[in-house]
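All chains are named by letter (A, B, ...) in the order of the sequence lines, taking the proteins before the strands, and each is independently numbered beginning at 1. The basis for the numbers below is simple: all heavy atoms, side chains too, and nothing from hydrogens, waters or symmetry mates.
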Number of protein chains: 2
Amino acid sequence: MSVELRAFQSLKLWHDVHLDLVHHGGDLSSRQIAILLTIYLEPPPHTVRGLARKLRVTKPVITRALDTMGKLDLVARRRDEADRRNVVIQRTVAGALAVERLGDVITAHAKELPR
Amino acid sequence: MSVELRAFQSLKLWHDVHLDLVHHGGDLSSRQIAILLTIYLEPPPHTVRGLARKLRVTKPVITRALDTMGKLDLVARRRDEADRRNVVIQRTVAGALAVERLGDVITAHAKELPR
DNA sequence: GTCAAATAATACGGCGCCGAAACGAACGGT
DNA sequence: ACCGTTCGTTTCGGCGCCGTATTATTTGAC
């Protein structure tokens, strides 16, 4: 029963945060969220190939997500001068702020949950 | 600093669960997730109008989401016989299982987080 | 210098969701 | 019986993401 309760709390958190995102958030797909958070939570450098491997998706998925998030100024691309085939994905100020804000939203809703 | 740490943990949870969803989950949009969880977490009855109000989206959004999730057998529709203008949204066995499974995924990842 | 391998980007056809507007069915007051 | 209101659905043009296949650039081995 306590297990069920915990699952319910988790689901309520999921529900509340998604509700928040629907209203105030630029809506990114699950894939885009996973990519964005990988970039901001795991140590750089990040490449298209590396992200594709880590998330087990094809490279065009990464390229397109970077296009979209780049337009939103959430990430930036830079050619790797050491090996010009590679593209290094860089964080941006706006992106860092957006991720930070997301973290705040999650923790705020988590705090409201009964323990 | 402890605040930052908690935000980081929240973001890691968000990242990990989304990663899981990308691989094993039927991919629903943020709106669809919010709708689905509202139906399964809040007490019935649910109507198109009520869901639209609660999520602050237009009614066609609800109709289309119900179409999609209905095809996936996550929810079902029933005409309200008392007032035949209304449509009552019903839960399904498959939907309950899917929601339960999502709860399990979230709690499992949450458990792995350092406190 | 040449060629195979690796990397990222692009082209293509398809599918799903969007917002706004129009629509049809059902209700309720008079 | 009418008529305004409510409810859910449908239509329309548009946009974004998908997977697969192809392209362009760069590298490194020989």
### Message
Using the rule side-chain contact (heavy atoms from CB on, under 4.5 Å), only one of B:Leu37, B:Ile33, B:Ile39 pairs with B:Ile35; which is it?
### Response
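Among the candidates, only B:Ile39 passes.
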
Value in whole Å for how far the P atom of C:dA5 lies from CZ of A:Arg49 =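 My rounded result for the distance is 14 Å.
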
Can you measure A:Leu28 atom CG to C:dC17 atom C1' for me and round it to whole angstrom units?
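Whole-Å distance recorded here is 15 Å.
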
For the CZ atom on B:Arg53, are there more than 12 heavy atoms of other groups (residues, nucleotides or ligands in this structure) within a distance under 6.0 Å?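 Counting other residues, nucleotides and ligands, CZ of B:Arg53 stays at 12 neighbours or fewer.
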
Around B:Arg101, counting heavy atoms of other residues, nucleotides and ligands shown, do more than 12 lie under 6.0 Å from its CZ?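 No, not enclosed.
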
Would one find a side-chain N or O of [X] under 4.0 angstrom from OP1 or OP2 of [N]?
{"X": "A:Asn86", "N": "C:dA8", "answer": "yes"}
{"X": "B:Thr58", "N": "C:dA20", "answer": "no"}
{"X": "A:Arg77", "N": "C:dA9", "answer": "yes"}

Salt-bridged, B:Asp67 to B:Arg77, with N to O below 4.0 Å?
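Here B:Asp67 pairs with B:Arg77 in a salt bridge, since their nearest N and O are under 4.0 Å apart.
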
Quiz item: Which residues pass the side chain to side chain donor-acceptor pair (under 3.5 Å) test with B:Asp27, sequence neighbours left out?
Solution: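 Listed in chain order: nothing, the list is empty.
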
Name the residue closer to the 5' end of DNA chain C, choosing between A:Asp67 and B:Arg79 according to the nucleotide with the nearest heavy atom.
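Closest to the 5' end, via its nearest nucleotide, is A:Asp67.
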
Item to check | Which residue lies more 5' along DNA chain D, comparing A:Thr68 with A:Arg84 via nearest heavy atoms | outcome: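 Its nearest nucleotide being more 5', the pick is A:Thr68.
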
Which residue lies more 5' along DNA chain D, comparing A:Asp80 with A:Ser29 via nearest heavy atoms
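Per heavy-atom nearest nucleotide, the more 5' residue is A:Ser29.
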
query: Using rotation axes that map the C1' atoms of four end pairs onto the next four (five pairs an end), what angle separates the end axes of the helix from C:dG1-D:dC30 to C:dT30-D:dA1, to 10°?
result: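 That helix has its two terminal axes inclined by roughly 10°.
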
Using a heavy-atom cut-off of under 4.0 Å over every strand shown, decide if [X] touches base, sugar-phosphate, or nothing.
{"X": "A:Thr47", "answer": "sugar-phosphate"}
{"X": "A:Gln32", "answer": "sugar-phosphate"}
{"X": "B:Arg64", "answer": "base"}

Do the side chains of A:Leu51 and A:Ile89 get nearer than 4.5 Å, heavy atoms only?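 They are in contact (side-chain heavy atoms under 4.5 Å apart), so the answer is yes.
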
A side-chain contact here means heavy atoms from C-beta on lying under 4.5 Å apart; do A:Thr107 and B:Phe8 qualify?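 Not touching, per the 4.5 Å side-chain cut-off.
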
Q.
Please determine whether residues A:Leu72 and B:Trp14 belong to a single hydrophobic cluster, defined as Ile, Leu, Val, Met, Phe, Trp and Tyr linked transitively by side-chain heavy-atom distances below 4.5 Å.
A.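 Same cluster.
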
**Report entry** Segment of DNA chain D, first to last nucleotide, that comes within the 4.0 Å heavy-atom reach of chain B
**Finding:**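 The contacted stretch runs from D:dT6 to D:dT11.
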
TODO: Name the closest nucleotide to the B:Arg31 side chain, picking from C:dA25, C:dG19, C:dT10.
DONE: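 Taking heavy atoms from C-beta onward, the closest nucleotide is C:dG19.
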
query: Between the main-chain N or O of B:Asn86 and the side-chain N or O of B:Thr47, is there a donor-acceptor pair closer than 3.5 Å?
result: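 Such a contact is absent between B:Thr47 side chain and B:Asn86 backbone.
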
